[in-house]
Every structure is written in C-alpha cells, then in structure tokens.
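A quick write-up on the structure given underneath.
Everything numeric in this text was worked out from a predicted model, so none of it was measured. Lettering follows sequence order; numbering is per chain, from 1.
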Amino acid sequence: MIHSLFLINCSGDIFLEKHWKSVVSQSVCDYFFEAQEKAADVENVPPVISTPHHYLISIYRDKLFFVSVIQTEVPPLFVIEFLHRVADTFQDYFGECSEAAIKDNVVIVYELLEEMLDNGFPLATESNILKELIKPPTILRSVVNSITGSSNVGDTLPTGQLSNIPWRRAGVKYTNNEAYFDVVEEIDAIIDKSGSTVFAEIQGVIDACIKLSGMPDLSLSFMNPRLLDDVSFHPCIRFKRWESERVLSFIPPDGNFRLISYRVSSQNLVAIPVYVKHSISFKENSSCGRFDITIGPKQNMGKTIEGITVTVHMPKVVLNMNLTPTQGSYTFDPVTKVLTWDVGKITPQKLPSLKGLINLQSGAPKPEENPSLNIQFKIQQLAISGLKVNRLDMYGEKYKPFKGVKYVTKAGKFQVRT
Amino acid sequence: MTSNSFAYNEHSGGGEATELGQEATSTISPSGAFGLFSSDLKKNEDLKQMLESNKDSAKLDAMKRIVGMIAKGKNASELFPAVVKNVASKNIEIKKLVYVYLVRYAEEQQDLALLSISTFQRALKDPNQLIRASALRVLSSIRVPIIVPIMMLAIKEASADLSPYVRKNAAHAIQKLYSLDPEQKEMLIEVIEKLLKDKSTLVAGSVVMAFEEVCPDRIDLIHKNYRKLCNLLVDVEEWGQVVIIHMLTRYARTQFVSPWKEDDGLEDHEKNFYESDEEKTDRKKRTYAMDPDHRLLIRNTKPLLQSRNAAVVMAVAQLYWHIAPKSEAGIISKSLVRLLRSNREVQYIVLQNIATMSIQRKGMFEPYLKSFYVRSTDPTMIKTLKLEILTNLANEANISTLLREFQTYVKSQDKQFAAATIQTIGRCATNILEVTDTCLNGLVCLLSNKDEIVVAESVVVIKKLLQMQPAQHGEIIKHMAKLLDSITVPVARASILWLIGENCERVPKIAPDVLRKMAKSFTTEDDLVKLQILNLGAKLYLTNSKQTKLLTQYILNLGKYDQNYDIRDRTRFIRQLIVPNEKSGALSKYAKKIFLAQKPAPVLESPFKDRDHFQLGTLSHILNTKANGYLELSDWPEVAPDPSVRNVEVIELAKERTPSGKAKKENPPKKFYSESEEEEDSSDSSSDSESESGSESGEQDEEGDSSGDSSEDSSSGSGSGSGSESAVNKRTAKRSSKTKEKGDSDDEEKENEKSETSESSSAESSSIEDSSSESESGSESESKSRKVTKEKEKNTKQDRNPVTKGVSLLDLDDFNPVPTPVVRPTTALSPSLIADLEGLNLSTSSSVISVSTPVFVPGKTHMLLHRMSGKGLAAHYLFSRQPCIFGSKMVSVQITLNNTTDRKIENIHIGEKKLPIGMEMHVFNPIESLEPEGSITVSVGIDFCDSTQTASFQLCTKDDCFSVNIQPPVGELLLPVTMSEKDFKKEQACLSALHLLSKPR
C-alpha cells in the first residue's frame, strides 16, 4: 500500500523521508514539484498524481505537503485519511504540526511512523495506543530520562491493542472526575446580493473532554434528537442504541476527542444571525471605487454576537484601500489583496461599519464582479439548531463525576455575495 | 583532526559521550581546509565510537543521530557493522532504532545483515508478545533473499501464536515475503487460509489485505469465512474495514445474481412457485430473491456509513453502488455529502465519485443540489468538480435556479472557473431543450464581456450550440463576425471562421468580407486559425466563386509556402479538390458535397461519462486509467454459484439449504451458544425451506421438540430469524419483518446483558451484532440461561390451559380460523396437536384454509419500554404468532415486564389507550406487584385492523405512567395457514396483488 512518505515544506525542500518497503529515490518528488508549479496555487495541487512507475497521493496541512508514494491500486481516500491521521498525531504529540516541530523531534516522528504503518498497512493509529508505545515529549520527562536513563518507548503491548475497546486504556485514575461536552455548531451559508439565503445548513460536532477513572459507561441523551439528520460517530458509540433509542451510549476514550459530528436536517429553516448591508462599486474609467459595509444582528436569539471578522478577497486590480472603521481595525494586504476587518462584538445601538475608497490600478478594466465577503462570528451559549443535551448518565463506576455542557455557534463557510 | 579527537577521548576516559559528539562537530567547523567530505567521514567516525561505548546513553544518542540522518535521506550505510552489533541491546529504545536502521539498509548490506538474524530468531520465542511481534516485523522487513526459508518458518509459527497481535503481524509478513519471493505463493496461501479462519477482529483486516495482495483470485478461500467476515466487520479496525469491504464487493459480484434485473417471467414463476424440489434452482433464475448472504453483507455494512473515517464511508458507498438493489443505494448520498465538509483532498476524491454516480442515477443526489453550490473560496479543482455535478443534476425542474447560480459563477474572478461555467451552460442548453434559447441568449450577452477568456469560451460554446440547431441564427453569426476584429484567442477565432464558413450561404455579404480581412492577416495568424481560413476560402470558392475566386487563390498561395506542414498539406489538398484542372479526377465533382456536407452536431458529454467501468473509490477511477494491481469488478453471474459453499462445517445446515423435499425444519437449538454465523444461517435457511404438507407426521415430533427448545432462543433473544411461516405469507412477510426484528432484538439483548451483569466490559460487547460475545464471556451466558429456566417454570404453569383448549378444537368448524389459545409459542404439546389437526384437514377436504401453528416463532423481542425511561421498569414485547385468545381478529402480543430496580413495583396496568379508529386492544389484568429483579410475562391482544398503524397506550405503575407504543411489522399481521398446493394456486389466482408483493422491489 503506502510505499514511502516524503515531507515537503513550502519552499520545496524534502526534509523528511520514510520508506516502509524498498527505498524510493527522492527524485520521484520531481513529478510532484512539476504539478505544484502547474497548479500555481498550493490549494490546487491535485491530490493524486500519476507518474510512470508510481502514484503520488498528497495532502497539504499546516504549510506542509505530505507526499506518499504508492505502487499499486489502493483506495485514494484510504491514503488521504491516513496521512491526515499522521498529521493529527504530530499535532497531538508536539502541539503543532510544523517543520520545526518535526525536525526537533525527528526520532519520535520516526518511531511513530514505524508504529503506525507496517509494510504500508496501518498498524496502530489510535492515539491512546501510540501514547503507550511512545511517550509524548515533555520537558519533565526529558529531564527525568536524562537522569534515570529510562526511555520514551514502552516495552509491553498496549492493552488497548488487544481489547474490544482499543480507544481506552485500562487503569485510568483521576482525583477529579470530570466530563465536559462542547456542542459546537457551524452555519454554512451563501447569502446572495439581495440578502436572501441561497443555501444554509448547520453542521455540528460534539467534542468531549473526559477525565474519568476506571471504565465508565456513559449515555448521553438529547431533548430533541430528531434534529440530527446525518451523524458520524466516534467508534466508541454503540450504533444500535442510537438506532433504537437515539441515545449516545459509549465507553469514552480518555481525554479529548470528537464524539460525533452531525448535520441538522435540511428541512429546518436555518436562522441567520447576522446581516450585511454592502455597497461596493468601481467607477468606470477612473481609478477608484467606493466600499461601504455595515453589519447588524438578525435572529440572534438575544445573545451577543462576538468575534466577528470579515475577510474579502479583492480583485487583482485593487492597489490599495483607504477605509475607516467605526469599530475594530482593518488590514489590507496589497500582495494577496486580502482585506481583513476585525470587528469584535456587535452592539445593536451602534452598528459597526467600514467605509472608504478603493484605489485601482489605473488603466486596467474595472472588475465586473464584486468580491464576496467571508464572515466569521461566534455566539456563546447557543446552539443555533436548538439542540439540547438532556442528561448524562454514568454506569459502571461508583463515583459522581462533574459534568458540564457548553454550547457555541460559529460561522462555518459563511459567504455573502455582493 | 582524527588524532585530536582520539586524544580527547583518551583524556576524558569514559567521559560523557554526548559532549564528545558535540565537541567533535564543533571542532570540525573551523577546519574548513579539510572540506565537506572529510568532515562527513569524521562525524561517522565518532558515531562509531559512541556505538561501541558501553554506555547505553551514548549508544542511544548515536542511534538518534543516525536516524536523523536517515530521515533526511543522507547515506548512513557505512555504519552498518557498528549498528548491527547493537541489535541485541537490552535497552528497548536502542533496539527499536537499530530495527529502523536495519530495515532501511539491510537490503544493501545483505551479508552483514545476516549477523542479526539469530537475535530475531531468539526474540521470536520471547514471552513478551510485543517483542515477538516486532522481531517478526523486522525479520520480514529486511528483504534478504537468503533468509526466505527462515521467514517462512517464522510466519508459519507466528500464524499459530496465541497473541492475535502477533498473528496480525504474521499476516503483514506474508505480503512482505511474497514480494521478496513470489515462489513461496503456494505455501503462503496455506497460511492465509489458516489466518482467514481466525476469529480475532485484529487479524481480519490484515489477512484480507494479504489475501488481496497474494491471491485475490482464490475466491474459494473466502466462502467459508464470508459470514464471519460480514459479522465481524463492525468491530474490525477502520483500515481493515476498508480492505474487507472492497474485497467483499468483488466477492459479491461473483457469487450473487444481480439485484437490478426486473422480473419478467411472471407466468413461469407462477407455475413453479410452490414446487420446491428441482424447480427451485430453476425458479431462482426467473424471479429474483436476494440471497440471504447478499442481504447480510448489505445490512452489516450499513452502520459503517456513520464512520468518522472517510475511507470507510466511501468503501461502503461503493459497495452499495455496486451490489445493493438500486432502490437501497439512495442512503449513501447523505453520507457522501457529509464528507464534503472535510478537507480539500477528501472533497476532491468524493466529488469525483459523486460526479460518476450522478451521471447514472441523477435522483440520488438531487435533494442535495445546493450542497454542490460553489463558494468563491473553494480551490479551482473543487469548483470545477462541483460544477460538473451540478450539470449532471440539471433537469427541467431545477434548471432555472441553476442558471441563476451559474450567472454568478460566470462573473467569478477565477477565469478558469468562469470558462468552465460557460462550457457547463452549453451542456445544459443541449441537454434540456426548454432552456436552449435562454442559454444561447445569455451566452451571446457574454460575447460583450471584457474578459477575453470568457468571450472566447462563449464563442466556442455558441458554435457548438448553433451547430446543433440548424435554425436561423444569422444575427448571432453577424455579431460574431464583428468580434473577429477584437478577439485574439485562436480557438475562438477559428470557431467563428468555421461558423461563417458553414453558414456562408446565410450571410452572403459578410462572408467574403471576412475572408478578405483574414487574407490580409493570414501570415500572422495561429495555425489553428490558418486552417480555418483555408476551409472558409474553400467553402466560399464553391458557393460564391465569382467574388472570392481570387481571394481564395491568394490564400492558397500563402498556404503553399507556410512553415507548418499541416497547412501546406491542407493547402495542397484543397487546391486539388476545388480548383478544376485536367488532372483532378472524379472527386472534384463532389467537392461541394464534401465541404458543405451536413455535419453531425457534437455531443457535449461529461468527462466522467466512461469512468463507471472502474470500481468507484479506487485509484483507477480517479486517474481514469487502470492502475497497477487493479482488480476488475466482474459482472454479475447469470446463475448464482452454489450458495451452500458458504455454509460452515455443520452438516445439518448444509442439508437444510439443499432444496430437497425432505428438508428438515428443525430449529437448531443446540447451536445457540456456538457460532454466530451458524445461527444466522440457520434462521435464514429455515425460512427458505417450504413447509410440506405430505410428510407432516414424521416431522411433528421434531417440531415439538424444537419449538420447545426454541423457547430458549426466544426468551434470551438470540439471533434466530423469522420463523418459517407457511407458504402464503412467507414471501411477503419475510423481508419486511426480518430486518427490523433483528436490530431490535440485538438491542434488547444488550439491555439484558446490562441489567444482569454489572461488568461494563461485557456490556461493551453489545456493539457486536451477533452472539459471538456470548460464547466468549461465560458468565454472561450463564446468567442468561438462569433466566431462561426461570421463565420456563413460569411458562409451564400457563401451559396447562392451552392444552385443554387445544383438545376442544376438534369440535370447531373447519372453516373458521381456529382460535388456539396458546400463550407461549413454546408449549410442548399444543403445536403438535394442532399439527395433527392439520393433517386431518388436509386429508379430508381440499378447499380448506386451516390455521397452522408457526413451525417456530422468532425469538425477536422488541423494546417496549427501556428501563432507563421507565424508571427501572423494562418491558419487551414479542409477537407470539399464535391465534389470539381474546378475539379472532386480534394479534396476540406477549409483554415481558422486568423490574430492574431494587424495590417492588406495584400495580402495573395499562392506562389510557390512544388507538387509531377501528383498532381494539385487550389489556392484561393489572399486576399487583413485581419483585426486584423479577419478571413477568403477560399477554394482550391487539386488533391492528390489518394495518401497520401504531398502537399507543400507557403502561402505568402505582406512581408513574409511561407512554409506549407497538407497531407491528406487516408479517406479524398475517395468519399462518397450511393448505395444499392445489388450494394455494387457486387462492393465488384470485390474489393478483400477491405477485406484486412478492416481486423484488
């Protein structure tokens, strides 16, 4: 399956290679560089590239390319998903998935890659198993290790590897037993010029942070489970229970994990919490244009909308922008032509607006389309779909855990066409 | 330099080796005179020393640096001898890093690598399973042909290891050995065969991977393991799931008949319907009945659509696409659309697959049309794919919305995407005739666009559209002729010229003028344009030679001396053809016909049109070429190969499956605690076997026994399928009820486990769909059987009643449905009594419908009230399939109440009933109290009015009321009857709708 892996940074240096079968020369990456050049934009590098002897499947994460070399037929998603899992593991171990972090921890990276894949087939990808085999680096541990000479490598097979529940290890102990759930909902929307909704959808996830001793068996129920239209589960969730009772019943992994992600059924109308008034115009035969946007709250269920950011990819002919915000601050990058306006909170009394002039390249034809506005926002303590957790019960352990649920609504891919 | 560092070493004696390393490197840098080469050499020298030191920390440090070198792709092979010595190190981290090194360089240094082999051989016997496994991993990874026999031996041994983890590694080693030495294939297949039988979920994925790599054509190895794999699938780790699903898709395509074919041989089918003997196989050809194994696969993969792993979801999606009945494949679209929220790589692959699917089955993705709307922030490759899908989904109903959406896209700053949109509009225009004119007008408007790429693309698309519509479009052509002055994109210019040439008779004034202009600029044009100028000239020469003769000759002269040989060639050809001279033969007479022939309109097709011959989700599909090692998906076989090959060992089962008249209908009670797949099998096959009227008496005893035993099944909620109903309702009932029952009862099973065993670990096994968990955890099954006996005792008390009533049946009229008051289906006597009656009936009168007992009753209980929502009171219900004592129209339902609390529950009764009009319900007598951990079975009768409406009522205790409801599957509403074949046909003739029902949907 996966033959080799190359890690390539943005400037095109191959800074790490790992082979699981015979060595494949670095020169195979030339095909990748060729494709990268053709694509112009990193986002447009095709994930699957065919070369005379190999196939290259790559992902782009955190300014790094993970390029895997394949020799025979394999489901491409298999490889892509695995590469993302590798990147996730690095993130998990080193706090960030960057070139510097990987170079600093090259030995751990190598040990991890060795454990994750055998002969190109995934062996252990569950983070809890890996952490028992190879301990994540911490300052304390490196000090201890240098004194005692103990190593970062476990010498017994992790219990999870053999059990029915590979995601949880045995013998977890906490003094404070806590279970927290974050219900995070994102609104994906396309709003057209006139302010009507072209497309809107709510996607949600429930992230959990579980610090419970022993083998707790949790069940989480909702007030209105019918809202959830399409759900994907962490493997720990018992599918049958969900099918029959709409209850999430599971033995949780230890620590942070994503319990479910879901989509709210499309029949429900999606409340759009903000509106944008905009007028962007470019004058014919003159090198300037006007820019004026105002943001206001709408259907926000009485909560404050905060963390508002507006990002606009201006047309290429825009040279510079002279704007005045009534609130927050803005930046315009003349190279990438990206305008970012950091608004902050909306106070209904005084709606934030951003007004001013656009300087265009003289002589160039005026752009025919106005740029679309990408909006980010956040509403605390609200799940926009109305989803509510009813109760959390714990079985199998005697102690009383501390439980908490937090709701957040965010803008996902929220785009306003102008 | 070297001596310097040696000296240092002597001074410090056993000094900190790490320092030494740093010291050495730092001393190198100032001495630039030695150059790069020597410094490299130098570095390795001190690494060697560190490796030879007797301190683990120094060795570890050296190994870490060496691994760093390997990671960067630097050559560290010369350190091989020094490194290989440490293979036996006690320090596990050093050992692991040495392994990493060995795997990387052993191939290059085969002789030296042999030194390490004995260490691995020793480690293979280590009591620690992790060490055994990693020794096998390295041993099999070092790719030294000489050790093939050793590897073979090690694999064989490991495949019998007690630890599933080691066996998993053995499965991986198989592939490695195979790629090293394909000669070993036969031996390896033996090992694969052995490992395929493995019941561990850990091994399953890896061994199937090995199977796919070594012997994908040996489909016969899968037969016996098919059901096991299907049942284990949910619990296999996600990567294994992907591999197994892909393999099973291929398997299913070779073993089952197509579920897609429509049944057309209705007549024949009718004739053979009831003949179970030889005709059975015959029948299969004509009417489609899905093989239960086929169904098993489809059913067991469904939950995986909910996986968080995109690859698993995609694998299930392609399985449904390739092997599920078309009506069921719809469920995958929702999950695939969900994946579109993922990162761009996943989106890219999923969109490609959706594009292929949406060509063939538009309806699947139509509800999700808006999910494919493009955002300005999407990468171009995603945008174009979405556009492709939108085009495929376009139809009369949604085209106006789509066109509005396309208008936005056309203005996009991403010009490549705007051009693709124009192409798309063109395709919509040709596919949907209603909007052709609208599209054309829209495109013409785009001709005045500022951006040249947009205009050029529009021109090309308009050209294609006009070609399709021979109607008059003189205006547009004139407009385009004007564009020639401004537009520079060669393709567009060529398109305009071609269009004018083609329609030169419709624009007689403009065409010669265009030619004149072109003649002027001929030399500066692109080759593509030049060819079209030549064509235009030729066409005009033929239609309007008076005005253009000289112009054309001028152009031909220019073309004659052009640099490009294509153009010279074309010029020569045209001149010979159109300019009459002595030499030109018969052809020139036809010149006009040749040039101005009616050209067929181009078909604007999706680039994904032909991709569907590749299995979806594969690399080959994405690349649209056959990748190495791509395994072709075979076509469905005409006739299904013998399904009995999938039966596992047990002989009776095999007998049951063979369609012989003497098929035994006994429920295999003995096997309840054994293999899950057998269980599955028996239930399926027994419902297949037809109930024979002739050989009744011989079988009744057995039935009596088996139904007695089957009480075990039912009360403990095992996996036995729907009972064998008699022929009339069999077909209709089976499908609808089974799936549902299955799911529910598993759940119920889980509940039992939970309430009875407080061990949370055993509760975990509930996610396993089959009962294999039971066989593993002994305590659980014990507790179950205890419960069974308890219930049995209770039943025997109730049973007396039915027996006496059963006797009185003899007096009743034959024509009436017999109200047999059987409370449990498990009574030892009554079924046989009734069966005796049947025998009587059949022998005396022929036109009689007599109620028969169900030969066995499914153990499926359904959840009525969960113990959590019922404050400790749990209730399950079961359709006993017995005639109801309360009324002939009623369906008898048994409700089992369980008290899971630690106190008494008092006064359990049925409260308010909310029944749909016409429905009736006979309640049970209030139960005064239910002891803690106690359970009681009561029976109620519900008249569902032959509908599947839900009966809602309240189950009340002293303190609380719980709303519950019962919804019957269709099959439970039917009365099991026995009738002779002749009668059946008679009845069947009156019931035309029955065929419709029994037809596959």
query: So which part of B:His246 gets closer than 4.5 Å to some heavy atom of chain A, the side chain, the backbone, both or neither?
result: side chain
task: Taking the six-membered ring for Trp and the single ring otherwise, decide whether the centroids of B:Tyr368 and B:Phe372 are under 6.0 Å apart.
output: no
Region of A:Tyr110 that comes under 4.5 Å of a non-hydrogen atom in chain B: side chain
- request: Select one option (side chain, backbone, both, neither) describing which atoms of A:Tyr60 are under 4.5 Å from chain B's heavy atoms.
  value: both
message: For A:Tyr55, which atoms come within 4.5 Å of any heavy atom of chain B: side chain, backbone, both, or neither?
response: side chain
query: Can you say whether A:Asn374 sits under 4.5 Å from chain B via the side chain, the backbone, both, or neither, judging by heavy atoms?
result: side chain
task: Name the region of A:Leu16, side chain, backbone, both or neither, that has any atom closer than 4.5 Å to a heavy atom of chain B.
output: both
query: Taking the six-membered ring where the residue is Trp, are the ring centres of A:Phe257 and A:His234 under 6.0 Å apart?
result: yes
- prompt: Which bit of A:Arg85 is near chain B, if near means a heavy-atom gap under 4.5 Å: side chain, backbone, both or neither?
  reply: side chain
- prompt: Which atoms of A:Glu186 come close to chain B, meaning under 4.5 Å heavy atom to heavy atom: side chain ones, backbone ones, both, or neither?
  reply: side chain
- prompt: Is it the backbone or the side chain of A:Lys193 that comes under 4.5 Å from a heavy atom of chain B, or both, or neither?
  reply: side chain
field: Most chain A-contacting option - heavy-atom pairs closer than 4.5 Å, from B:Ala71, B:Ala311, B:Gly205, B:Ser620
entry: B:Ala71
query: Checking A:Val42 against chain B: side chain, backbone, both or neither under 4.5 Å from a heavy atom?
result: backbone
message: Under 6.0 Å between ring centres: does that hold for B:Tyr630 and B:Phe614?
response: yes
query: Considering only heavy atoms, which portion of A:Asn44 lies under 4.5 Å from any heavy atom of chain B: side chain, backbone, both, or neither?
result: both
